[in-house]
Each structure stands twice: as structure tokens, then as C-alpha cells.
Amino acid sequence: MLVYHLPGTFETREDHLDLLWEAGATGLEERAGLIRAYFDEETELPPLIRDGEWRLEADQDWLAEFKANLRPVQAGRVTIVPPWLRAEIPAGQVGLVIEPGMAFGTGHHATTRMAVEALSDLNLDGQTILDVGTGSGVLAIAGALLGAEYALGVDIDPITIPIAEENARDNAVPEGRTAFMVGTLGDDLPGDVVADGVFDVLVANLYAELHDLLAGAYVGHLRPGGPLILTGILTTKLPLVQDALDREGFTDVQVRTDGEWALVTARAGE
Ligand code: SAM
């Protein structure tokens with residue numbers, strides 16, 4: 001891997017970055033005042049950016065490095081692990097195995113962890129769950145492993161569905177306890193288990209603006225008094241979500257935070 005190291009100052013960095021792109025860099029990275037520009041071959045550079053240094057560096061396998069650093073994540077009664085750390089699930093914890101891949105939801109993001117924790121605070125025995133924006137299926141699968149009778153995960157991104165289905169199989173979730181489909185609220189949801197599309201619990205890890213837009217639809221898909229769990233919310237955007245829940249008659253609105261991320265729980269009006 002050929003990298004051109006160029007010291008940069010705040011005043012010159014924009015110009016330097018432009019010149020490096022124009023000179024044929026295939027990628028640029030900035031670290032502590034140093035610009036690292038990736039090139040396929042050594043190139044004649046314009047005078048303004050000639051005081052750098054060409055270096056040949058060993059290729060790094062970023063994915064392997066990322067995987068090697070993954071640790072188990074504890075979220076309430078659940079411990080989420082990648083397949084190769086199954087042995088590290090503590091006794092007494094519900095183990096949830098998620099293969100890190102193309103879909104969001106390994107458990108390592110604060111929002112996923114807080115949502116699993118909020119699910120684990122509920123008694124889900126025999127309950128039905130709707131997981132909006134299912135990604136890897138992590139929340140629907142957590143719900144099923146925590147005792148839910150049926151968890152439906154929906155996502156607008158078709159790539160997530162086979163991944164979520166495979167994760168459910170890897171966790172030995174009994175056939176029919178989870179289902180995944182491409183779609184969103186407002187689409188026809190499969191009526192074989194939950195005929196009227198009204199669920200006992202609704203969980204959604206999306207973002208504040210979308211929660212604001214979907215708040216009315218959440219009411220339509222949740223039984224009166226049913227728990228709502230919303231995350232993906234930046235703390236700065238909490239008022240948007242709280243106002244939407246007030247507007248739609250939700251009660252018992254509570255907030256948890258982790259760094260810049262918030263999770264809101266509430267109950268549908270009776
Ligand atoms: N549920 C997983 C978790 O908690 O880790 C994944 C959450 S990820 C932040 C959000 C997911 O929502 C993405 O997979 C995205 O494709 C999906 N999504 C975005 N907008 C959506 C919408 N309007 N309806 C359904 N899914 C949506």
C-alpha cells in the first residue's frame with residue numbers, strides 16, 4: 001500500500017486535499033495534523049504539496065481487526081456475542097449471537113444495546129412484538145429469546161431480510177416465532193399471527209425525525225397501554241420525539257441516555 005504523508009496546517013489543508021485528489025489519490029485520511037493520501041503509484045506532485053514523504057506500508061485488514069476487537073455486550077438479561085465468542089456468554093444470561101455483517105445491529109452501538117436492555121426489562125412471555133427497522137434482526141430475535149410468542153421485523157432495506165433470517169436460525173429461534181419482511185409501517189403486515197396489525201410491544205431504532213413522522217402509525221400498531229421503545233435519537237433531538245408522543249396521547253414517557261444517544265419508552269394511551 002503506497003501512502004504519501006503530508007504534514008498539514010489548518011489554513012492549508014483544504015487546498016492540499018484538493019490538490020491530492022487532483023493528483024490521483026484514491027483515498028485521503030487525516031490524523032493529528034498529518035494527511036495520509038493513498039496512491040496506486042508514485043506520481044509527480046505540484047510544488048505546493050511536495051514537502052511530504054512517500055511510504056510503502058503493510059496492508060491492514062480492517063475487517064479482521066474490527067472482528068478481533070469485538071467483545072460481548074451485556075444488555076440487561078441478554079449478552080450479545082459474535083459466533084466465535086459463544087463460550088463467553090455468562091451462565092444465567094440469555095445468549096444472543098449476531099454475525100457482524102452488512103446489516104446494522106451487532107449490539108455494539110449504544111442504541112441497540114439500550115433497546116435490548118429495555119426489552120429485557122419487560123415481561124415478554126407470550127407477547128407479540130413489532131420491530132420497525134430490524135436491520136440484523138437483533139431486537140426481534142432478542143424479543144423471541146426473551147419469551148415473546150411472535151416478533152415481526154420490518155425494514156425498507158431488502159439486504160437486511162436474509163441476514164435477519166439467518167441470525168434467527170443461528171439462535172435456534174423456533175420456526176414461526178420470528179418473521180422478517182421488506183416494508184415499513186403503513187404497508188400491509190402479514191396477518192397470519194397478528195390479524196389486525198396491532199402488537200403488544202413496538203420497538204424502533206430509527207431516528208428522531210422519523211419517529212416524529214411515524215408517531216401516529218405507532219398508535220395504530222400498538223394495543224392500548226402497550227409499551228413503546230424508541231431509540232436512534234440524538235439527545236439534542238429529544239424534544240421532537242417527546243412532543244410527538246405527547247401529541248399522539250402516549251403516557252409514562254421516560255428517557256435513558258448513553259453519551260449522545262437517547263432511548264425513550266412510553267405507553268400507548270388507553
Ligand atoms: N434494529 C437494529 C438495531 O437496533 O440495531 C437496526 C437499526 S438501524 C439503526 C435502522 C434500520 O432501519 C436500518 O436497517 C434501515 O434500513 C431501517 N429503516 C430506515 N428507515 C426505515 C423505515 N421508514 N421503515 C422501516 N425501516 C427503516
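None of the values given here were measured: they were computed from a predicted structure. One-based numbering, in listed order, for ligands and for the atoms of each.
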the protein heavy atom lying closest to atom 8 (S) of ligand 1 turns out to be Phe104 CD2, 3.4 Å
How far is atom 19 (C) of ligand 1 from its nearest protein heavy atom, and which residue and atom name does that atom have?
Ile156 CD1, 3.7 Å
Atoms in ligand 1 flagged as close to Gly135, the criterion being non-hydrogen separation under 4.0 Å
6 (C), 14 (O)
Return a yes/no value for Leu210: is any of its N or O atoms, backbone included, closer than 3.5 angstrom to an N or O of ligand 1?
no
Go through ligand 1 atom by atom and flag the ones less than 4.0 Å from a non-hydrogen atom of Gly105.
5 (O)
Any idea which atoms of ligand 1 are less than 4.0 Å away from a heavy-atom of Leu206?
12 (O), 18 (N), 19 (C), 21 (C), 27 (C)
Carboxylate-amine/guanidinium contact Glu117 Arg113, below 4.0 Å:
yes
Check against side-chain hydrogen bond (donor to acceptor under 3.5 Å, both in side chains), Gln242 and His211:
CA-CA 10 Å; Gln242 286 164 314; His211 291 314; over 6 Å; no
To check your reading of the model: name the closest protein heavy atom to atom 1 (N) of ligand 1, its residue, and the distance in Å.
Gly133 O, 2.8 Å
Does ligand 1 have a heavy atom under 4.0 Å from the side chain of Val138, from its backbone, from both, or from neither?
side chain
Which residue and non-hydrogen atom of the protein lie closest to atom 10 (C) of ligand 1, and at what distance in Å?
Asn205 O, 3.2 Å
What's the shortest heavy-atom distance between Leu96 and Ala142, and which atoms?
CD2-CB, 3.7 Å
I'd like to check which ligand 1 atoms, numbered from 1 as shown, lie under 4.0 Å from a non-hydrogen atom of Gly183.
25 (C)
Using a strict cut-off of 4.0 Å, indicate which atoms of ligand 1 neighbour a heavy atom of Asp157.
16 (O)
Listing, residues 225-238 side-chain donor-acceptor contacts under 3.5 Å, not counting sequence neighbours, or none:
from: Thr231; atom 1: OG1; to: Ala262; atom 2: O; distance (Å): 2.9
from: Lys237; atom 1: NZ; to: Glu209; atom 2: OE2; distance (Å): 2.9

Step by step, would you call Ser136 with Asn167 a side-chain hydrogen bond (donor to acceptor under 3.5 Å, both in side chains)?
CA-CA 7 Å; Ser136 65; Asn167 280 324; 4.6 Å; no
Heavy atom under 4.0 Å from ligand 1: found in Leu185's side chain, backbone, both, or neither?
neither
For ligand 1, which part of Leu139 has a heavy atom less than 4.0 Å away: the side chain, the backbone, both, or neither?
side chain
Taking only Lys NZ, Arg NE, NH1 and NH2, and the carboxylate oxygens of Asp or Glu, determine whether Asp212 and Arg247 approach each other closer than 4.0 Å.
yes
How about Trp261 and His109: are their ring centres within less than 6.0 Å of each other?
yes
Check this for me: does any side-chain nitrogen of one of Glu175 and Arg169 sit under 4.0 Å from a carboxylate oxygen of the other?
no
When distances are taken from atom 13 (C) of ligand 1, the protein heavy atom at minimum range is Asp155 OD2, 3.5 Å
Which atom pairs, donor and acceptor, lie under 3.5 Å between side-chain atoms of residues 82-90 and protein residues at least two apart or in another chain?
from: Glu88; atom 1: OE1; to: Arg71; atom 2: NH2; distance (Å): 2.7

Should one rank Thr112, Thr160, Thr134 by closest heavy-atom distance to atom 2 (C) of ligand 1, which comes out on top?
Thr134
For Thr184 and ligand 1, does the shortest N/O to N/O distance drop below 3.5 Å?
yes
Judged by atom type as modelled, is there a donor-acceptor pair below 3.5 Å linking the side chain of Thr134 to the main-chain atoms of Asp131?
no
